[in-house]
Amino acid sequence: MRIILEGNTTNASLLKSFMSVVDVTGHDSEAIEDLPASKKAEIVEGIFKSQGFNTDIFHFDSSVERQAIENQPAYMLWHLIYSYEGDDSISGNEALIKKLCEKFNFDSESAAIIAGVVFKADYGNLSTRALRKILPYLKQGMVYSDACDKVDYRHSKRSLTREEIDNRDYKSRLDLLPRNSLRNPVVEKILNQMINVVNSLIETYGRPDEIRIELARELKKSAKERADLISSINKATADNEKIRQLLINEFGIQRPSRNDIIRYRLYDELSAVGYQTLYSDTYIPREELFSKRFDIEHIIPQSRLFDDSFANKTIEARDINIEKGNATALDFVEAKYGSEYVKEYRNRVDILLKEGKIGRGKYNKLLTKENDIPEDFINRDLRNTQYISRKALEILSEVAPEVTATSGSITERLREDWQLIDVLQELNWDKYDRQGLTEIFVNRDGNTVRRIKDWTKRNDHRHHAVDAVAIAFTRAEYVHYLNNLNAQSDKGKEFYTIRERYLERDKHNNLRFRSPIPVKEFRAVVKDMLEKSFVSHKSKNKVVTKNVNATKCSGGVNRKVQLTPRGELHEATICGRIMQPVVDKEKIGVSFDYDKIATVASAVERKALTRRLDMFNGDPKKAFTGKNSPTKNPIYIDDDRKVELGTKVKTVTMKCVYTKRKEISEDLKLDKVIDKGVKRILQQRLDEYGGDPKKAFTNLDANPIYLNKEKGITIKRVTITGPTEVEPLHSKRDHLGNEMRDADGRTIPTDFINTGNNHHIAIYRDASGACALPPLPVIDKDYRKCDGWEFLFTMKRNEYFVFPRYESVVDSSTGQEKLIKTFDPKAVDLLDRDNYAKISPNLFRVQKLASKYYVFRHHLETNVEEVKELRDITWKRIQTIKLMDDAVKVRIDNLGRIVAVGES
């Protein structure tokens, strides 16, 4: 592992304060600001000498003995500032200021400035003794970790010497973290999933020599933060689509690019300040927004902060952007326009924040000076990252001698340099192109671009695999190069050696990292690997758990192993059933047989319709269609044949409605309440509280709703309409317990339940050879075995099925379209990895299960939208169980391999 030293931050902090002292002594610090640090220190020392200050603080000798080190003024100054913990004075620094004046002869104003020096929070974790030992090796050019090895020091809490690494005993298998052993259950779950994958890799390929890891940004956040992040991404996607349509309709840009959308968002951001640019206060005419007059500009230059996010961008006049160069926004505005103008600039930025046009992150960047830029070149959320990273490195170091973590920004750079960005879109092209969901256009540079509409790499789970390829080929030299790329000081010989060895210039003269093998071959290998990749999803809940039930008997205790369901087989609420009239207006036609006519509300109309049907011997087709339709051969309802019936009649039928009881609460939907009188009382109560159900329907004990106030009868529960799809739980019985039957000899169902989103279903083959389902979810593999039924498989969420594929072709002999089976999972060896590329388009996981309604999602898909054009491609809906007859259930392990076919 390579450690990059940041430089002498102690002297840099002190020199910065010394420059402020120069100003208060009446000298001009700006005149020497751009000089090298050594020359600057030399001039400042002269100024300090003229003021009578102790100038020995500018010199430090690390080679002397320990006591002599601590007696040097430079050391004493540092130690005094570093170790001071404050006092009870108003400033908290009065005692320190006094000591600085006494020891170093500063005046009080200069001492106050120097007392304000703040060293880095992680500073000072090595003793003087330790530093004295390793400094000679650092001066020889050794990196920090090697210098520590030379004097037998550990450079970090978990660091080991090379000898310790070579002689250490490594585990052949990692132990899972015990439940609740970490402070964060999300981290615990993530790390245990990592442990399972690593153990599977060790079992398959042996113990690794080196492990490289990259942590996904979403995993660093709490459950609420992850949900908020997903919600934010979805909102941004919807907003971008609105902007895309606006650019097409109002700006005439037929193929809006990502940059076009960003440009418009930045323009809209400025609406609160009259569409004036922030730096130069230049008005942006709407018609010139996409002209070359205005640029998208990085607030803090990428050469100073490796941040290409929207929060680091604004829109500015091109000539101003060019003039700004590598300065920060605030530094540039101050240098070009002066301190008075900066007040106006700050005011514009304040308005944008106050109006909600920008967030706090962009606000801070707009008001950041170069000297305040954080040392790390990536803007990170460190709260959970450090925790996960520390635990992951700690766990993985138990099985591998080398464990290194890499940054997402480095992965992104390599993905771009090695042309891996579009491989997933290329792999998905054909299936989207067949549905007309692609477009080909010429961009502004004259290049032909192929694009899947509304495509993002996050639509395909394999984008993690693409990242893994880049991570696998990341070298320490790449990290070293990128860490030093933006350094302002001398980059050193090693930087240029790395550039010469590992980078090359492309046709646009841009520097790119060389790919492990020629890019064309590299992309082909990656695409081949991705085509054969299956995405493993952890299945939701076991169907059953084995339990031992113990019952007492005359001989002692009888123990029997039984299978207990994991989760509800149906919703707990029992539904009732009522019959309700349904009034409708129906057109007279072929459906009007005698039974239908009996539902007509008017007796006069029923009589007229029956008379017409009798004339045609009860044939409704002859009586009410064609030349005898009511418009061509009117039906009269009076004996004088003067009043025509018309083409539609009112019918009344009785509909079976399933009901359930519900507590009155804020989520009660009044339109579902069955009793009209109760509904009216509840509506009145809601109106009393201004339509706010939270106020109207809570705390009913203290503020009851009365059905009859005089008798003290209150309403706490109501009967509402229930689900439409139910199954009977029982059949009606008389007082003796005997089954009751209707006039046709059938049992009378009662106590209805909603199976809802089942947590599993079991599928059987009945005696006729057809796929069949029990009326309720069952677990018994021997269910109705005596009736010739055969158990096939269970289905639960995230279990996998390979489906046959059918395609429409034109029959050459008849010229008509017909469906042919182009892929049959029962004719393919599903365990053979050479067949994975053929299997992948037809591999689906169970997404949700409801009563005779099963939805499957393609294993590579990340979203759950049911796009009509992509049915049977990215998702399937099955409502007829016989369609499962040709599907084959498979089990996929956590390494993405099919390890079992059929129910296992």
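Residue numbers run from 1 in the order of the sequence given. Heavy atoms only: backbone and side chains are in, while hydrogens, waters and symmetry mates are out.
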Chemist: Run the ring pair (Phe, Tyr, Trp, His ring centres under 6.0 Å) test against Phe534 and tell me which residues pass, sequence neighbours left out.
Modeler: Tyr836, His859
Chemist: Return the set of residues passing ring pair (Phe, Tyr, Trp, His ring centres under 6.0 Å) with Phe793 (not counting sequence neighbours), or none when no residue passes.
Modeler: Phe801
Chemist: Looking only at heavy atoms, what is the nearest atom pair of Val526 and Val469, with distance?
Modeler: CG2-CG1, 4.1 Å
Chemist: Can you confirm whether Leu530 sits close enough to Val423 that some side-chain heavy atom of one is under 4.5 Å from a side-chain heavy atom of the other?
Modeler: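 Leu530 vs Val423: side chains touch.
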Chemist: With sequence neighbours excluded, tell me which residues meet ring pair (Phe, Tyr, Trp, His ring centres under 6.0 Å) with His461.
Modeler: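 By the ring pair (Phe, Tyr, Trp, His ring centres under 6.0 Å) rule, His461 matches His537.
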Chemist: State, to 0.1 Å, how close Lys171 and Asp175 come at their nearest heavy-atom pair, and which atoms those are.
Modeler: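 Here Lys171 and Asp175 meet closest at NZ-OD2, 3.3 Å.
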Chemist: Stepwise, does the salt bridge (charged side-chain N to carboxylate O under 4.0 Å, His left out) test hold for Glu799 with Arg845?
Modeler: CA-CA 5 Å; Glu799 286 193 320; Arg845 64 180 176 86; over 6 Å; no
Chemist: Considering all heavy atoms of both residues, which atom of Ala470 and which atom of Thr474 are nearest to each other, and what is their separation?
Modeler: O-OG1, 2.8 Å
Chemist: Could you measure the distance from the NE2 atom of His858 to the CD1 atom of Ile873? Nearest 0.5 Å is fine.
Modeler: 10.0 Å
Chemist: Can the positive tip of Lys876 be found less than 6.0 Å from the middle of the six-membered ring of Phe856, inside 45° of the ring normal?
Modeler: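 Judged by the rule, Lys876 and Phe856 form no cation-pi pair.
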Chemist: Is Lys889 reaching over with its side chain to a backbone N or O of Thr794, donor-acceptor style, under 3.5 angstrom?
Modeler: yes
Chemist: Can you tell whether the side chains of Asp834 and Lys838 come within less than 4.0 Å, N to carboxylate O?
Modeler: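 Result for this pair is no, no salt bridge flagged.
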Chemist: Step through the shown structure and confirm whether more than 12 heavy atoms of other residues, nucleotides or ligands are within 6.0 Å of CZ on Arg514.
Modeler: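 It does: Arg514 CZ has more than 12 such atoms within range.
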Chemist: Do the ring centers of Tyr478 and Phe513 come within less than 6.0 Å of each other?
Modeler: yes
Chemist: Could you tell me if the side chain of Leu176 sits less than 4.5 Å from the side chain of Asn196, heavy atoms only?
Modeler: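 Yes, at least one pair of side-chain atoms sits under 4.5 Å.
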Chemist: Between Ser200 and Asn894, do the side chains contain an N or O donor and an N or O acceptor separated by less than 3.5 Å?
Modeler: yes
Chemist: Taking only residues two or more places apart in sequence, or in another chain, which ones meet Glu531 in a salt bridge (Lys or Arg N to Asp or Glu O under 4.0 Å)?
Modeler: none
Chemist: Going by the rule side chain to side chain donor-acceptor pair (under 3.5 Å), which residues pair with Gln425 if we only count those two or more places apart in sequence or in a different chain?
Modeler: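 Per chain and number, Gln425 pairs via side chain to side chain donor-acceptor pair (under 3.5 Å) with no residue.
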Chemist: Looking at residues at least two apart in the chain, or sitting in another chain, which of them share a salt bridge (Lys or Arg N to Asp or Glu O under 4.0 Å) with Arg523?
Modeler: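 Listed in chain order: Glu426.
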Chemist: Please round to the nearest 0.5 Å and tell me the distance separating atom CZ of Arg833 and atom CD1 of Ile898.
Modeler: 10.0 Å
Chemist: Which residues pass the salt bridge (Lys or Arg N to Asp or Glu O under 4.0 Å) test with Asp528, sequence neighbours left out?
Modeler: Lys532
Chemist: May I ask you to decide if Leu177's main-chain N or O and Glu188's side chain share a donor-acceptor pair within less than 3.5 Å?
Modeler: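 No; judged by distance alone, with no hydrogens or angles, the pair does not exist.
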Chemist: Pick from Arg462, Arg413, Arg415: which one makes a salt bridge (charged side-chain N to carboxylate O under 4.0 Å, His left out) with Asp467?
Modeler: Arg415
Chemist: Look up atom CG in Asn835 and atom CG in Asp832, then write down how far apart they are to the nearest 0.5 Å.
Modeler: 4.5 Å
Chemist: Going by ring pair (Phe, Tyr, Trp, His ring centres under 6.0 Å), name the residues that satisfy it together with Trp418, two or more places apart in sequence or in a different chain.
Modeler: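 Ring pair (Phe, Tyr, Trp, His ring centres under 6.0 Å) list for Trp418, sorted by chain: Phe522.
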Chemist: Donor-acceptor pair, Thr204 side chain versus Leu201 backbone, under 3.5 Å?
Modeler: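 Not confirmed, Thr204 side chain does not pair with Leu201 backbone.
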Chemist: Quick one: which of Asn459, Val535, Leu424 gives a side-chain contact (heavy atoms from CB on, under 4.5 Å) with Leu860?
Modeler: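 In the set Asn459, Val535, Leu424, the residue that makes a side-chain contact (heavy atoms from CB on, under 4.5 Å) with Leu860 is Val535.
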Chemist: Just wondering, do Val888 and Lys826 contact through their side chains at under 4.5 Å, heavy atoms?
Modeler: yes
Chemist: Measure across Pro518 and Ser515 and return the closest heavy-atom pair with its distance rounded to 0.1 Å.
Modeler: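 Scanning both residues, the minimum pair turns out to be C-OG, 3.7 Å.
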Chemist: Please walk me through it: do Arg877 and Tyr854 pass side chain to side chain donor-acceptor pair (under 3.5 Å)?
Modeler: CA-CA 6 Å; Arg877 183 195 299 141; Tyr854 317 118; over 6 Å; no
Chemist: At what distance, to the nearest 0.5 angstrom, does CG of Asn842 lie from CZ of Phe823?
Modeler: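 Rounded to the nearest 0.5 Å, the CG-CZ separation comes to 5.0 Å.
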Chemist: Measuring from Met795:CE to Ile761:CD1, what's the distance to the nearest 0.5 Å?
Modeler: 3.0 Å
Chemist: Would you please name every residue forming a side chain to side chain donor-acceptor pair (under 3.5 Å) with Asp829, sequence neighbours left out?
Modeler: none
Chemist: Would a 4.5 Å heavy-atom cut-off, applied to side chains only, mark Ser536 and Leu895 as touching?
Modeler: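 Result no, sub-4.5 Å side-chain heavy-atom pair not found.
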Chemist: Which pair of heavy atoms, one from Leu843 and one from Val802, lies closest together, and at what distance?
Modeler: CD1-CG2, 3.8 Å
Chemist: Lys785: which residues meet the side chain to side chain donor-acceptor pair (under 3.5 Å) condition with it, sequence neighbours left out?
Modeler: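 Counting only residues at least two positions away or on another chain, Lys785 forms no side chain to side chain donor-acceptor pair (under 3.5 Å).
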Chemist: Once you round to the nearest 0.5 Å, how far does CD1 of Ile195 lie from CD of Glu398?
Modeler: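 Spacing of CD1 (Ile195) from CD (Glu398) equals 8.5 Å.
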Chemist: I'd like to check Val864 versus Arg857 (side-chain heavy atoms, cut-off strictly below 4.5 Å). Are they in contact?
Modeler: yes
Chemist: Quick one: salt bridge (Lys or Arg N to Asp or Glu O under 4.0 Å) pairs with a partner in residues 198-210, sequence neighbours left out?
Modeler: Arg173-Glu203, Glu210-Arg212
Chemist: Taking it one step at a time, do Arg891 and Tyr800 satisfy side chain to side chain donor-acceptor pair (under 3.5 Å)?
Modeler: CA-CA 6 Å; Arg891 185 160 64 87; Tyr800 287 85; over 6 Å; no
Chemist: So which heavy atom on Trp875 is nearest to which on Glu865, and how close?
Modeler: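 Shortest heavy-atom contact: CD1-O, 4.1 Å.
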Chemist: Could you work out, with side chain to side chain donor-acceptor pair (under 3.5 Å) as the rule, every residue matching Asn199, not counting sequence neighbours?
Modeler: none
Chemist: Could you tell me whether Arg512 and Glu416 have a side-chain N and a carboxylate O separated by less than 4.0 Å?
Modeler: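 Yes, Arg512 and Glu416 are salt-bridged.
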